[in-house]
Chemist: 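My structure is below; once you've seen it, I'll send some questions.
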Amino acid sequence: MNINDTSTQLLFTTVPIVGITTEGTGVSGTGFFFSYDLEDGRNVPLLITNHHVLKDVIQGRFVINLAEGDAPSRETISVNFDKSFIEGKKLGELDLVAMPVAPVLSMLEENGKRPFYRSIDSGLIPKKSVLDNLAALEQITFIGYPSGLYDDYNKTPLIRQGWTSTPAWNDYKGKREFLVDASVFEGSSGSPAFILNQGSYPTTDGIAIGSRLLFMGVITQTITKEKSEHLDLGTVIRSDAMLVKLKPFVEGLL
C-alpha cells in the first residue's frame with residue numbers, strides 16, 4: 001500500500017455508520033472526519049454525516065481503523081453512541097450533523113488503541129474564485145459505503161466516480177447544491193465528494209500539468225422517479241455552504 005498516494009489517503013477519511021431508530025429500523029450511512037481550522041492555529045476534529053441518516057437513531061456505532069506503525073491495519077474498533085451524541089449537532093437548515101470527536105479519539109489513545117484516520121482540512125474547500133473558474137463538466141470522486149457495502153477484509157470503503165450534472169458553481173434550485181451524474185445509493189449519504197486530478201487537469205486556458213484536490217461537498221440523496229427507480233443522479237451539498245454553518249457551530253463549542 002502506498003499510503004502517501006492522495007487517493008489512498010482519502011480512503012481513511014471515512015467511516016461506516018450504522019444505527020437503530022426509535023422504530024427498530026436499521027439505518028446505515030457514511031461519515032467523514034473534518035478538521036475545522038481556528039484562527040489561532042488550533043483545529044477542531046469533527047465527524048460529519050447527513051442529518052437524515054441519524055435523526056431517529058437511538059443507538060449507533062461507527063467503525064474506525066487502527067494503526068500499525070505509520071500505516072492502517074486490518075484491525076478496527078467500534079465506537080458506540082446514543083442519541084446524545086447527535087442532539088444539538090445539526091448545521092442549521094442543512095441536512096448535515098457535525099459531532100465533535102476529540103474526546104472519542106483521546107479515549108481510544110488512552111486505552112492503547114491508536115486510530116488511523118485522515119481528516120479533510122478546511123483548506124481543501126475551494127474559494128469562490130476557484131469555484132467560479134471550474135468547468136461545467138468536472139469529474140467527481142466520492143467515497144463511502146453504498147448500501148452498506150465495503151471491503152470487509154481490508155476494512156476500506158468503496159471509491160465511486162461520476163460527473164457534475166449541473167455546474168458546481170450554480171446554486172441548483174437556489175440552494176448551494178449541485179447534481180452529480182453517478183449511481184448514488186442509500187449508504188452513500190454523508191460521503192465526501194472531491195475533484196481529484198493526478199497528473200493533469202483541464203482549465204479555462206487548456207490543460208494544467210500537476211495534481212488537484214478540492215473538497216466539493218457531501219452526497220446527501222439519490223434522485224428517483226416513481227416506484228423508486230434510480231436515475232443515476234445524486235445531490236451534493238456544497239462544501240462552502242457547510243463551512244458557513246460550521247463557523248457559528250464551532251464557536252458555540254468553545
Side-chain angles (χ1 to χ4, degrees), residues 1-19 28-38 40-50 53-54 59-82 85-86 89 96-125 141-146 148-160 187-194 196 198 211 213-215 218-219 239 242 246 250 253:
M1 177 190 298
N2 178 9
I3 195 58
N4 294 317
D5 173 71
T6 300
S7 61
T8 303
Q9 297 240 355
L10 293 180
L11 287 174
F12 300 98
T13 62
T14 67
V15 294
I17 300 177
V18 297
S28 68
T30 300
F32 63 92
F33 293 104
F34 184 82
S35 178
Y36 184 88
D37 298 327
L38 301 173
D40 61 7
R42 295 179 298 157
N43 61 72
V44 178
L46 302 164
L47 180 65
I48 296 177
T49 189
N50 284 141
V53 172
L54 296 180
Q59 290 182 324
R61 62 183 171 87
F62 63 89
V63 181
I64 186 169
N65 292 77
L66 294 179
E68 186 176 305
D70 295 328
S73 70
R74 291 195 183 100
E75 185 180 0
T76 60
I77 189 166
S78 293
V79 177
N80 298 316
F81 60 86
D82 59 23
F85 188 61
I86 310 153
K89 309 301 193 310
L96 295 173
V97 286
M99 290 80 69
V101 287
V104 172
L105 299 174
S106 296
M107 180 188 67
L108 292 176
E109 293 271 7
E110 290 168 3
N111 286 279
K113 301 292 186 180
R114 189 161 60 91
F116 187 94
Y117 67 98
R118 293 292 182 263
S119 288
I120 300 168
D121 189 86
S122 304
L124 292 177
I125 296 176
T141 298
F142 56 104
I143 299 171
Y145 307 85
L149 295 174
Y150 69 107
D151 181 347
D152 58 2
Y153 177 73
N154 292 295
K155 306 300 190 293
T156 51
L158 304 186
I159 301 173
R160 313 292 302 280
S188 292
S189 292
S191 294
F194 305 91
L196 172 62
Q198 295 176 290
S211 297
L213 176 63
L214 301 172
F215 171 46
V218 187
I219 299 286
S239 53
M242 184 189 84
L246 276 177
V250 172
L253 297 175

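Scope of the values below: all heavy atoms of this structure, side chains included, with no hydrogens, waters or symmetry mates.
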Chemist: Working to the nearest 0.5 angstrom, can you tell me the gap between Leu96 CG and Leu246 CG?
Modeler: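 Reported value, rounded in 0.5 Å steps: 8.0 Å.
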Chemist: Let me confirm one number: the CG-OH distance from Asp121 to Tyr36, rounded to the nearest 0.5 Å.
Modeler: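 Spacing of CG (Asp121) from OH (Tyr36) equals 11.5 Å.
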Chemist: Answer yes or no: does atom CD of Gln59 have more than 12 heavy-atom neighbours from other residues, nucleotides or ligands under 6.0 Å?
Modeler: no
Chemist: Closest approach of Phe194 and Ile120, non-hydrogen atoms and distance?
Modeler: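 Answer, listing the atom of Phe194 first, then Ile120: CZ-CD1, 3.6 Å.
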Chemist: Atom OH of Tyr150 and atom CG of Leu158: how far apart are they, to the nearest 0.5 Å?
Modeler: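 Going from the OH atom of Tyr150 to the CG atom of Leu158 covers 11.0 Å.
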Chemist: Can you see which heavy atom on Ser122 is nearest to which on Ser35, and at what distance?
Modeler: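 Result for this residue pair: OG-O, 3.0 Å.
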Chemist: Go through the steps to decide whether Val63 and Val15 satisfy the test side chain to side chain contact (heavy atoms under 4.5 Å, CB included), and finish with yes or no.
Modeler: CA-CA 6 Å; Val63 181; Val15 294; 5.8 Å; no
Chemist: Between Phe12 and Tyr117, is the ring centroid distance below 6.0 Å?
Modeler: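 Centroid separation for Phe12 and Tyr117: 6.0 Å or greater.
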Chemist: Identify the heavy atoms of Ile86 and Leu54 that sit nearest to each other, and give their distance.
Modeler: CD1-O, 3.7 Å
Chemist: If you round to the nearest 0.5 Å, how far is CG of Asp5 from CG of Leu10?
Modeler: 8.5 Å
Chemist: Can you confirm whether Lys155 sits close enough to Ser73 that some side-chain heavy atom of one is under 4.5 Å from a side-chain heavy atom of the other?
Modeler: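 No, side chains not in contact.
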Chemist: Nearest 0.5 angstrom please: Met1 CE to Thr156 OG1, how far?
Modeler: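 Reported to 0.5 Å precision, the distance equals 7.5 Å.
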Chemist: Are Phe34 and Val218 close enough that some pair of their side-chain heavy atoms sits under 4.5 Å apart?
Modeler: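 Result no, sub-4.5 Å side-chain heavy-atom pair not found.
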Chemist: Using a 4.5 Å cut-off on heavy atoms from C-beta on, say whether the side chain of Val44 contacts that of Arg42.
Modeler: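 Result no, sub-4.5 Å side-chain heavy-atom pair not found.
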Chemist: More than 12 heavy atoms of other residues, nucleotides or ligands under 6.0 Å from CG of Asp70: is that the case?
Modeler: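 Result for CG/Asp70: open.
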Chemist: Ignoring hydrogens and angles, tell me if any N or O in the side chain of Asp37 forms a donor-acceptor pair with the backbone of Asn43 under 3.5 Å.
Modeler: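 Between the backbone of Asn43 and the side chain of Asp37 there is no qualifying donor-acceptor contact (under 3.5 Å).
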Chemist: Taking the side chain as C-beta and beyond, is there a heavy-atom pair between Lys113 and Glu75 under 4.5 Å?
Modeler: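 The answer is yes, as the side chains (C-beta and beyond) meet within the 4.5 Å cut-off.
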Chemist: Does the side chain of Ser7 reach to within under 4.5 Å of the side chain of Leu196, using non-hydrogen atoms?
Modeler: yes
Chemist: List the atom of Thr30, the atom of Ser191, and the distance in Å for their closest heavy-atom pair.
Modeler: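 Shortest heavy-atom contact: OG1-OG, 3.5 Å.
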Chemist: Check whether any side-chain heavy atom of Val250 lies under 4.5 Å from a side-chain heavy atom of Leu38, and answer yes or no.
Modeler: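 In contact.
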Chemist: Just jot down the side-chain hydrogen bond (donor to acceptor under 3.5 Å, both in side chains) partners of Gln9, sequence neighbours excluded, or say none.
Modeler: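 Here the qualifying residues are Arg118.
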Chemist: Any chance you could measure Phe33, atom CZ, to Leu46, atom CG, to the nearest 0.5 Å?
Modeler: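 Atom-to-atom, Phe33:CZ and Leu46:CG are 10.5 Å apart.
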Chemist: Evaluate the ring planes of Phe85 and Phe81, with Trp represented by its six-membered ring, and classify them as parallel (under 30°), tilted (30 to 60°) or perpendicular (over 60°).
Modeler: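 Correct class here is tilted.
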Chemist: Could you report the tightest heavy-atom contact between Thr14 and Leu11, atom names first, then the distance?
Modeler: OG1-O, 3.4 Å
Chemist: What heavy-atom pair brings Ser239 and Phe215 nearest, and what distance separates the two atoms?
Modeler: OG-O, 2.7 Å
Chemist: Side chains of Leu66 and Arg114: does their closest heavy-atom pair fall under 4.5 Å?
Modeler: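 No. Closest side-chain heavy atoms not under 4.5 Å.
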Chemist: Quick one: are Ile48 and Met242 in side-chain contact, heavy atoms under 4.5 Å?
Modeler: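 Side chain of Ile48 against side chain of Met242, heavy atoms only: contact under 4.5 Å found.
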